[in-house]
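Encoded as structure tokens, the structure appears first; notes follow it.
Predicted model, so just to flag it, every value in this text is computed and none were measured. In this chain, residues are counted from 1 in sequence order.
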Amino acid sequence: MRISEISSPDLRRSNQDGQSNHNENHHHHHFVSQIESLIKQTENTSPSNPLPEAISSDLRRILSELSQFGPFPNSLKLQIWKLSYRLWNACVDISNAASIKPSSSASITEHHAVLRHIAADMLSLAGDVVGVPSPAIKSTSFYYKTGLVWHDLRKFDLASTCFERATDIVSKIDIARISDSGERKLLLDLNLARSRTAWEVSDRNLAITLLNRSKTLLFGSSDHYKLLAVQYLSFGKSVLSKNESNAFSEALKLLNEALDLCEKGCNASRRREQTMELKELKSKALRFISAVHLQKGECESVIKCVRILREGSDGGEQHASLPVLAMKAWLGLGRFEEAEKELRGMVVNKGIPESVWVSAVEAYFEAAGTAGAETTKGLFLGLLGRCHVSASAAVRVAHRVTGDGFGGGEGSRVRAKVVTELASDERVLALFAGEAAAKERKAMHAVLWNCASEHFRSKDYKMSADLFEKSILYIPHDIENRVLRAKGFRVLCLCYLALNQLDRALEYINEAEKLEPNTASAFLKFKIFLQQNNYTGAINQIQAMKTCLDFTPDFLSLSAHEAIACHALSVAVASLSNLLNFYNSGNPMPTTEVEVFRTLITILSKEPDNESEVLKFMKWAHARASELGNECFFGKGEVGRREQNWFAVTSWNFGITCGKEKKYELCTEFLILISEFSAGLIDGKMEENSVMVCKSLILTVSAMIASENQKKVALMDSEVKHAVQLLDKAGKMLTSLGAGFTDDKITTIEPKFYFMYTFNAYNIHGRLDNSGSQQQLHLVKSFANSKACNPKYLLQIGLNASQGPQSNPEVAIFALNECLSALLSSPSTDYQDIALIVRTLIVVASIHKGDSDDDVVYNMYKQAYRIMVGLKEGEYPIEERKWLAMTAWNRAAVPVRLGLVDAAKKWMNVALELTRKVLGMETYMACMEDFVAAFGKKFHLQNKD
């Protein structure tokens with residue numbers, strides 16, 4: 001152990017204290033030197049260059065280390081105090097430089113706020129310094145001013161820290177001893193600043209508590225009352241701006257506090273200027289209190305506040321908001337007369353700004369509604385006579401009168417009428433003259449246009465037209481606005497079209513065409529011509545539309561719709577016909593081509609004698625389908641099938657109608673189209689189309705033959721060949737459909753069509769070469785063997801085959817014999833037809849067989865006789881009986897002359913048998929019997945000789 005270490009305790013302690021003081025002084029000097037060096041660096045930094053961030057961090061570090069060596073001697077405290085002021089002044093210089101160069105002020109301001117904060121901390125570290133007056137107040141001032149900087153930078157946590165440090169410092173001061181007005185004001189300012197910061201971070205309770213504490217820091221000064229009142233008022237306004245649930249009640253408390261402070265401040269005031277300022281603040285608080293009462297619906301309280309304010313003005317100029325508040329309160333109480341008085345008073349008060357007056361007018365109209373529309377107009381026009389009113393004010397009034405929405409009804413008409421009168425007033429129009437009012441002119445045009453549009457949509461076309469006309473007053477007569485004017489004229493044309501004032505509508509659309517010739521204008525003129533039943537003009541207008549630069553096929557579609565609605569079918573046809581010409585253009589089309597054809601044909605079918613036109617478009621549609629393909633033209637799937645079927649069925653209907661009207665050429669054309677339109681539809685699942693096509697082929701040939709008979713001009717060879725092709729196709733279809741009836745298949749086509757097929761085929765094949773005769777017989781035999789056959793059909797075939805240029809005895813005899821057999825076996829025998837068949841068979845056999853086959857004819861007579869046997873009188877036609885009797889007797893004449901006794905007797909006996917079956921021929925029968933007897937004797941004597 002060293003000797004120094006075993007010295008006496010007192011000596012050792014004395015040595016240690018000396019050593020400690022020496023070390024502390026050394027450290028103090030070291031820290032002060034470092035601080036001074038950093039402050040010099042701060043002072044020497046150019047304002048254009050940013051401060052190094054290390055300065056503030058180094059200062060913080062040094063202060064933290066220095067604080068560990070306290071308490072400090074007064075000399076050190078004084079040094080720290082001086083250095084603090086040097087740093088503070090450097091910050092002031094930085095702040096001034098930043099204000100000159102705002103572009104860099106944000107970062108510099110925050111940095112210098114940090115340095116200010118360090119300067120305040122240095123004063124706080126130094127504490128009380130002997131020789132420095134009120135060091136606590138000065139330290140408080142540094143923290144207060146630094147807190148304000150942080151507050152402005154919205155660093156509310158740092159601001160709050162500064163204000164709280166300052167509050168802690170002054171809390172140790174006896175406030176009663178403070179006599180300096182500046183120091184007193186500092187205490188109040190500090191409390192208010194701390195309250196504002198608390199308010200910013202939504203700590204309202206603390207903020208209001210601090211305001212309440214501030215009441216003890218007023219020191220009877222009117223200025224202090226004013227400052228505190230201003231803060232209460234500011235917080236009250238802030239609460240109102242939040243629009244919270246309990247905002248009105250909370251704001252009212254704050255505003256009342258402000259009002260109370262103003263009154264107390266007035267009592268404490270010693271100068272007139274201070275009193276006037278407090279009275280002005282009091283009026284402001286009362287106005288806000290009135291506004292709060294108004295928001296809460298406490299209109300009586302508003303009136304009371306307004307009266308107090310007016311009484312307090314001592315006949316001087318009133319604030320512009322007072323009549324507005326009073327008017328709104330009277331409106332809330334339902335006392336419209338008092339509200340109107342307030343408004344009229346505002347008209348004559350030149351001190352009230354235009355914006356305030358217009359706002360009052362809006363409020364009045366909102367409450368009074370339609371009933372106040374006329375008053376609003378009158379007041380506004382009165383305002384025009386009082387002072388210069390801007391165009392924007394007129395727009396606001398017009399917009400308020402028309403309303404944001406549109407309620408409809410008589411009320412909206414009244415408002416619209418007021419607006420039209422207001423907008424057309426020369427004084428109002430003068431407000432919008434010149435380029436300066438271009439924006440407002442557009443706004444007024446928009447207000448009138450929108451209101452007019454609403455009335456148009458509600459079908460109030462008269463009011464709509466008035467509004468549209470007034471809106472045009474706000475469109476300049478220049479080249480830039482000619483399109484907008486043309487649009488206005490077109491809309492007016494629509495209004496007068498709806499009102500059926502066609503001449504006026506035509507005037508407006510003519511004006512629109514002068515300004516902007518386009519398809520829309522041409523289309524409206526087209527509508528006018530339709531309404532005037534000027535169909536020629538409408539059709540010409542369709543051509544005019546097509547020449548417009550902005551033309552699209554959609555207008556033709558619209559024209560067709562309009563024409564159909566007006567029952568102007570010729571115009572609709574013209575529109576659709578023109579529309580069809582655009583389907584090859586490649587442009588987008590409003591509807592499918594097949595739909596246009598279908599609509600066009602449907603329209604044409606509504607008028608008589610349009611079959612030729614219908615046929616033209618049916619052929620056109622078929623040509624387009626052939627060109628594009630069925631799927632592209634008709635559509636795909638079920639939709640396409642229905643479209644295709646529609647054309648086929650329509651062709652069928654027109655063909656049948658033309659056939660009934662004996663327009664056989666047209667009938668032929670329509671029926672031929674059926675098979676063309678049905679192409680692709682005829683399959684196993686579409687038997688109904690097959691049936692229709694088969695029928696159409698048969699009827700086509702029937703129409704060709706009927707046309708030949710009608711015109712008495714024989715079919716050409718090419719036509720005959722075409723007919724053969726059609727019948728061959730029909731024959732194959734009949735077979736596939738089971739129409740041959742050779743088995744038990746269910747009938748899918750009516751028997752009459754199979755008969756017509758047979759009849760037509762017989763006719764056409766009779767025009768061919770020699771093989772046609774055998775083909776005819778084959779056709780008839782096939783028909784006779786089918787279930788479709790009946791005696792009536794065979795009778796027709798037989799009669800037709802027995803006469804005419806295409807007669808065929810074999811067919812006639814076969815058909816008639818088959819018919820005769822069927823009739824005789826029928827339970828209800830038609831003896832009229834049987835008699836006709838018998839006579840025809842006898843005639844055919846007589847003509848084509850002659851005497852070579854006399855027995856055939858003889859047997860026919862015998863068969864006729866056997867048929868008559870057992871019949872009642874009159875069942876077999878009497879005339880036919882006579883004919884049979886007489887012709888049989890006449891057939892005996894030749895054998896008698898030739899002496900052919902047996903043949904003569906055969907025919908005379910048949911004749912006598914038939915004559916006995918005929919009433920009224922008794923005399924003839926007696927004569928015939930006498931002749932037979934004489935003839936027998938004569939030949940008997942000859943035989944003896």
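- Of the possible donor and acceptor atoms, one in the side chain of Thr735 sits under 3.5 Å from a partner among the backbone N and O of Gly731.
- Enclosure of atom CG in Asn709 by more than 12 non-hydrogen atoms of other residues, nucleotides or ligands within 6.0 angstrom is indicated.
- A cation-pi arrangement is found for Lys906 relative to Tyr858, the charged atom lying closer than 6.0 Å to the ring centre and inside a 45° cone about the ring normal.
- Lys781 and Glu818 are not joined by a salt bridge, as no carboxylate oxygen comes within less than 4.0 angstrom of a charged side-chain nitrogen.
- Listed by chain and number, the residues in a side-chain contact (heavy atoms from CB on, under 4.5 Å) with Leu726 are Leu697, Thr700, Val701, Met704, His722 (sequence neighbours excluded).
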Working note: Gln803 + Ser807, criterion side-chain hydrogen bond (donor to acceptor under 3.5 Å, both in side chains); need CA distance, chi angles, decisive distance, verdict. CA-CA 5 Å; Gln803 55 193 354; Ser807 62; over 6 Å; no
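- Side-chain N or O atoms of Gln543 include none that pairs as donor or acceptor with a backbone N or O of Asn540 at under 3.5 Å.
- Panel note: side chain Gln776, backbone Tyr762; a donor-acceptor pair is recorded below 3.5 Å.
- Leu884 places a side-chain heavy atom less than 4.5 Å from the side chain of Met868.
- Between the side chain of Ser826 and the main chain of Ala822, no donor-acceptor pair closer than 3.5 Å is present.
- Classification of the Phe755-Phe759 ring pair by plane angle, with boundaries at 30° and 60°, yields tilted.
- Under a 4.0 Å N-O distance rule, the pair Glu627/Arg624 qualifies as a salt bridge.
- A donor-acceptor pair shorter than 3.5 Å can be found between the side chains of Tyr861 and Thr887.
- Going from atom NZ of Lys712 over to atom OG of Ser707 covers 12.0 Å, rounded to the nearest 0.5 Å.
- Under 4.0 Å is where a charged nitrogen must lie from a carboxylate oxygen, and between Glu750 and Lys752 no such pair does.
- Between the side chain of Ser802 and the backbone N or O of Leu799 there is at least one donor-acceptor pair closer than 3.5 Å.
- Although no hydrogens or angles enter the test, the distance criterion places a donor-acceptor pair under 3.5 Å between the side chain of Arg881 and the main chain of Lys917.
- To the nearest 0.5 Å, the span separating OG1 on Thr650 from CZ on Phe597 amounts to 13.5 Å.
- The line from CZ of Phe582 to CG of Asn578 is 7.0 Å long, rounded to the nearest 0.5 Å.
- No more than 12 heavy-atom neighbours from other residues, nucleotides or ligands sit within 6.0 angstrom of OH on Tyr924.
- By the 4.5 Å heavy-atom criterion applied to side chains, Ile749 and Tyr754 are not counted as neighbours.
- For Asn645 (side chain) and Arg641 (main-chain N/O), no donor-acceptor pair under 3.5 Å exists by modelled atom type.
- Of all heavy-atom pairs between Tyr876 and Ala835, the closest is OH-CA, 3.3 Å.
- Side chain of Gln644 to main chain of Phe677: a donor-acceptor pair is present (N/O by atom type, distance under 3.5 Å, no hydrogens or angles).
- Below 30°, between 30° and 60°, or above 60°: for Phe647 and Phe633 the angle between ring planes is between 30° and 60°, a tilted geometry.
- Arg767 and Glu708 are joined by a salt bridge, as a carboxylate oxygen and a charged side-chain nitrogen come within less than 4.0 angstrom of each other.
- The shortest distance between side-chain heavy atoms of Cys658 and Tyr664 does not fall below 4.5 Å.
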I would like to know whether Leu615 and Leu673 meet side-chain contact (heavy atoms from CB on, under 4.5 Å); could you show each step before the answer? CA-CA 9 Å; Leu615 180 62; Leu673 281 174; 3.8 Å; yes
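- Here the straight-line distance linking atom OG1 of Thr536 with atom CD of Gln541 works out to 12.5 Å at 0.5 Å rounding.
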Worked verdict on Glu595 versus Leu600 for side-chain contact (heavy atoms from CB on, under 4.5 Å): CA-CA 8 Å; Glu595 186 177 351; Leu600 190 54; over 6 Å; no
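- Between Ile603 atom CD1 and Asn610 atom CG the span is 11.0 Å, to the nearest 0.5 Å.
- Rounding to the nearest 0.5 Å gives a distance of 8.5 Å between CG of Leu604 and CG of Leu569.
- In this structure the side chain of Ile705 reaches within 4.5 angstrom of the side chain of Ile764, judged on heavy atoms.
- Heavy-atom contacts from other residues, nucleotides or ligands closer than 6.0 Å to CG of Asp902 number 12 or fewer.
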If you look only at distance, which donor and acceptor atoms sit under 3.5 Å apart when one is on a side chain in residues 551-562 and the other is two or more places apart or in another chain?
| unit_1 | atom_1 | unit_2 | atom_2 | d |
| --- | --- | --- | --- | --- |
| Thr552 | OG1 | Asp554 | OD1 | 3.4 |
| Ser559 | OG | Phe555 | O | 2.7 |
| Glu562 | OE1 | Lys527 | NZ | 3.0 |
| Glu562 | OE2 | Lys527 | NZ | 3.1 |

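- Within the 4.5 Å cutoff, side-chain heavy atoms of Met589 are placed close to those of Leu579.
- Panel note: side chain Ser678, backbone Ser675; no donor-acceptor pair is recorded below 3.5 Å.
- The closest donor-acceptor contact from the side chain of Asn800 to the backbone of Gln796 lies at 3.5 Å or more, if one exists at all.
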